[in-house]
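Proteins come first, then strands; the chains are lettered A, B, ... in the order of their sequence lines, and each starts at number 1.
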Amino acid sequence: MTQKPTNPTTTTAATEHAHHTTEHATQIRQGRIDKLDAWRQLGHNPYPYHFEKTSSNAALQAQYEALENGVETEDVVSVAGRVMALRNSGMFIDLQDPSGKLQVFSHKENLSPEMLEALKLVDIGDIIGATGTIRRTPRGELSVKTTKIQMLSKSLLPLPEKFHGLTDLETRYRQRYLDLIMNSESRDTLVKRSLIISEIRKLLTSKDFLEVETPMLQTIAGGAAAKPFKTHHNALDVTMYMRIAPELFLKRLVVGGISEKVFELNRNFRNEGISPKHNPEFTMMELYQAYADYNDMMSLTEEIVTTVALKVLGTTKIDFQGTAIDLTGPWPRKSMIDCVKEETGVDFAAIETDEAARAAAKQLNVFVEEYDTWGYALEKVFEDKVEHKLIQPIHITDYPREISPLAKAHRDNPRLVERFETRVYGWEIANAFSELSDPLDQRQRFEAQMTQRDQGDDEAHEMDEDYITALEYGMPPAGGLGIGIDRLIMILTNSHNIRDVIAFPTLKPKA
RNA sequence: GCGAGUUUAGCUCAGCGGUAGAGCACUCCCCUUUUAAGGGAUAGGUCCCGGGUUCGAAUCCCGGAACUCGCACCA
């Protein structure tokens with residue numbers, strides 16, 4: 001392979017970037033390009049291929065924790081990272097790597113004249129490598145006393161201000177790389193996201209759940225009540241939808257018996273409003289366990305959440321937006337009807353007709369549609385009167401049959417299904433059922449949904465004939481559980497906006 | 001989708017009818033044991049965009065855009 005040497009003449013480079021930038025911004029950038037050229041003049045590639053980094057900053061801070069002020073060692077290390085501050089004409093450099101900060105100390109007595117010149121070509125934002133000995137300054141700052149600085153990547157654009165940092169929310173989300181450079185909280189949150197997801201995988205795998213993948217592109221967007229993104233496959237010339245849930249495919253795998261326990265931890269897409277709690281693409285964990293019911297799923301939900309909290313945070317007692325939350329299990333289990341009765345005094349179990357249910361809701365100043373049935377009225381009262389008060393973890397059980405077309409009828413009450421939602425801080429963290437395995441009942445449920453759809457509910461579930469066919473071959477009794485991963489991460493990282501737990505949240509294009 | 005707010009230098013922000021401002025960053029000078037280093041001197045602007053009112057608009061009015069926060073929908 002041959003490669004032409006890079007032309008160091010870059011005087012026109014700034015103008016390529018100049019569209020819609022000020023003269024000042026252009027000047028700053030050109031100044032840095034000039035320094036980049038100067039590195040080349042000194043015989044150094046400012047964008048080299050490799051650096052032998054021996055230690056992370058945090059590892060050195062830990063290793064030399066006991067090193068006393070003013071003490072020099074002869075321990076030679078090579079560190080690398082981004083220059084975040086320059087003091088005393090570059091004699092002191094704050095070097096940041098993902099683990100933390102470390103000071104680089106470049107005294108002129110230790111540097112060759114060439115190195116001293118090169119030091120002047122270092123700017124805030126550059127990625128450099130530094131080799132030298134470990135010492136702690138008389139004022140207590142652990143430092144690498146260098147003989148050699150290497151440019152590892154010349155930065156052309158100025159970083160935000162060192163004290164206030166980058167606070168503009170739009171810029172933080174649009175240019176997440178800048179946010180991550182400047183804001184350690186953003187790094188911590190996204191690192192914790194990764195660890196949380198990793199611990200969930202580890203736990204489920206250790207319990208013999210098999211991780212599987214099901215279609216993101218579906219011809220029927222089923223498994224939930226939501227508006228899908230619509231797209232088109234050209235070669236097949238068919239309309240396809242981005243999935244709103246993997247549920248029906250995961251249960252097909254349970255029918256097939258690939259494993260008695262399966263899970264998928266992946267993205268769902270819903271074409272709905274964006275809010276501090278909603279992103280159009282979000283991460284869902286769904287699992288299905290044969291021969292289990294929703295009671296088993298409640299225990300499993302507690303195990304997943306508490307295990308992850310302990311592994312990642314080291315505790316199950318957390319603070320969320322100033323509210324103390326104790327995740328320690330087991331969590332209370334209370335039926336939706338009992339919750340509503342306790343809060344409002346109205347006992348929906350004693351209400352016989354849809355009409356009486358609507359009247360009861362209106363009596364409580366809860367808005368209901370004229371076509372709302374007993375179950376919809378109950379749900380609306382619950383959401384309006386009870387939901388926001390459920391701060392500590394709780395499983396709300398036994399949902400109305402008509403709002404849960406994929407859940408098995410309750411063993412003791414035909415108006416209900418065996419479904420629960422786990423609430424933390426009022427938010428739905430988990431949703432689970434004893435899965436409906438009776439194919440004849442499932443067909444009736446879909447038909448009821450079709451009726452809903454005809455009445456104007458465009459989020460009612462669609463008929464899925466193949467899914468019913470799968471059930472007709474026989475699905476074992478199974479418990480299913482879905483956990484909204486972004487919401488869980490928000491709770492565990494004390495993040496009040498879902499965008500803080502998603503590296504690249506959905507934003508409208510700028511212009 | 002509805003309502004309120006925000007948008008001025010690379011960043012963080014003042015200014016709110018009369019010549020565009022500060023701190024940090026940048027450039028230059030001084031300074032080699034600093035911690036938001038310090039001292040000095042410069043340079044840097046589509047005041048989000050488009051109309052309008054006015055002798056004069058960053059400022060007032062109308063329309064639009066993006067963002068933020070509520071509400072609605074939803075997980």
Of the candidate nucleotides [options], which contains the atom at the shortest distance from the side chain of [X]?
X: A:E141; options: B:U35, B:A37, B:U33; value: B:U35
X: A:A85; options: B:U35, B:A37, B:U33; value: B:A37
X: A:E23; options: B:C69, B:G45, B:C13; value: B:G45
X: A:R87; options: B:U33, B:A75, B:A37; value: B:A37
X: A:P158; options: B:A66, B:U33, B:G10; value: B:G10
X: A:E161; options: B:U35, B:U27, B:U12; value: B:U12
X: A:R135; options: B:U68, B:U33, B:C67; value: B:U33
X: A:E272; options: B:C73, B:G10, B:C67; value: B:C73
X: A:H107; options: B:C67, B:U32, B:A43; value: B:U32
X: A:M91; options: B:A25, B:U32, B:U68; value: B:U32

Looking just at side-chain N and O atoms, do A:R82 and A:S155 make a donor-acceptor pair shorter than 3.5 Å?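 No, no side-chain donor-acceptor pair sits under 3.5 Å.
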
Paired with [N]: which nucleotide, if any, by Watson-Crick or G-U wobble criteria at under 3.5 Å for both distances?
N: B:C67; answer: B:G5
N: B:G56; answer: none
N: B:C31; answer: none
N: B:A37; answer: none
N: B:C47; answer: none

Heavy atoms under 4.0 Å, any strand shown: does [X] hit a base, just sugar-phosphate, or nothing?
X: A:K101; value: nothing
X: A:G273; value: base
X: A:S89; value: base
X: A:R136; value: nothing
X: A:F105; value: base
X: A:G165; value: sugar-phosphate
X: A:E109; value: nothing
X: A:N279; value: base

Non-hydrogen atoms of A:A432 and A:G480 that approach each other most closely: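 Taking A:A432 first and A:G480 second, the nearest heavy atoms are CB-O, 3.0 Å.
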
Determine the minimum heavy-atom distance between A:R135 and A:T137, stating which atoms define it.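 Scanning both residues, the minimum pair turns out to be NH1-CG2, 3.6 Å.
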
Does NZ or CZ of A:R333 lie under 6.0 Å from the centre of the six-membered ring of A:F420, at an angle within 45° of the ring axis?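 That pair does not qualify as a cation-pi contact.
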
Any chance NZ of A:K148 has more than 12 other-residue heavy atoms, nucleotides or ligands included, within less than 6.0 Å? no

Is A:R267 atom CZ crowded by more than 12 heavy atoms from other residues, nucleotides or ligands, each under 6.0 Å away?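 No, not enclosed.
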
Atom-pair distance ([atom1] on [X]; [atom2] on [N]), nearest Å:
X: A:R243; N: B:A75; atom1: CZ; atom2: C1'; answer: 14 Å
X: A:D123; N: B:C26; atom1: CG; atom2: P; answer: 7 Å
X: A:E383; N: B:A72; atom1: CD; atom2: C1'; answer: 13 Å
X: A:K227; N: B:A75; atom1: NZ; atom2: P; answer: 11 Å
X: A:I33; N: B:C26; atom1: CD1; atom2: C1'; answer: 14 Å
X: A:F163; N: B:A37; atom1: CZ; atom2: P; answer: 11 Å
X: A:I28; N: B:A43; atom1: CD1; atom2: C1'; answer: 10 Å
X: A:R176; N: B:C67; atom1: CZ; atom2: P; answer: 15 Å

5'-most contact on RNA chain B: A:E281 or A:N88, nearest heavy atom basis?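 Comparing both residues, the 5'-ward one is A:N88.
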
Pairwise 5' ranking along RNA chain B for A:P160 and A:I124, keeping only the more 5' one: A:P160

Interatomic distance at [atom1], [N] relative to [M], whole Å:
N: B:C47; M: B:U8; atom1: P; answer: 11 Å
N: B:U35; M: B:C29; atom1: C1'; answer: 24 Å
N: B:U53; M: B:C61; atom1: P; answer: 15 Å
N: B:A9; M: B:C24; atom1: C1'; answer: 12 Å
N: B:U46; M: B:C55; atom1: C1'; answer: 24 Å
N: B:A22; M: B:G15; atom1: C1'; answer: 11 Å
N: B:C71; M: B:A58; atom1: C1'; answer: 32 Å
N: B:U7; M: B:C28; atom1: C1'; answer: 34 Å

Geometric class of the A:W427/A:Y425 ring pair [parallel <30°, tilted 30-60°, perpendicular >60°]: perpendicular

Between [X] and [N], is there a contact of a side-chain N or O with OP1 or OP2 at under 4.0 Å?
X: A:K162; N: B:A37; value: yes
X: A:N497; N: B:C69; value: yes
X: A:R174; N: B:C67; value: yes
X: A:T22; N: B:A9; value: no

For the OH atom of A:Y173 and the CD1 atom of A:I502, what is their distance to the nearest 0.5 Å? 10.0 Å

Could you grab the distance from atom CD of A:E387 to atom CE of A:M336, nearest 0.5 Å is fine?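 Going from the CD atom of A:E387 to the CE atom of A:M336 covers 8.5 Å.
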
Is A:W427 stacked on the base of B:A75, with ring centres under 5.5 Å apart and planes under 30° apart? no

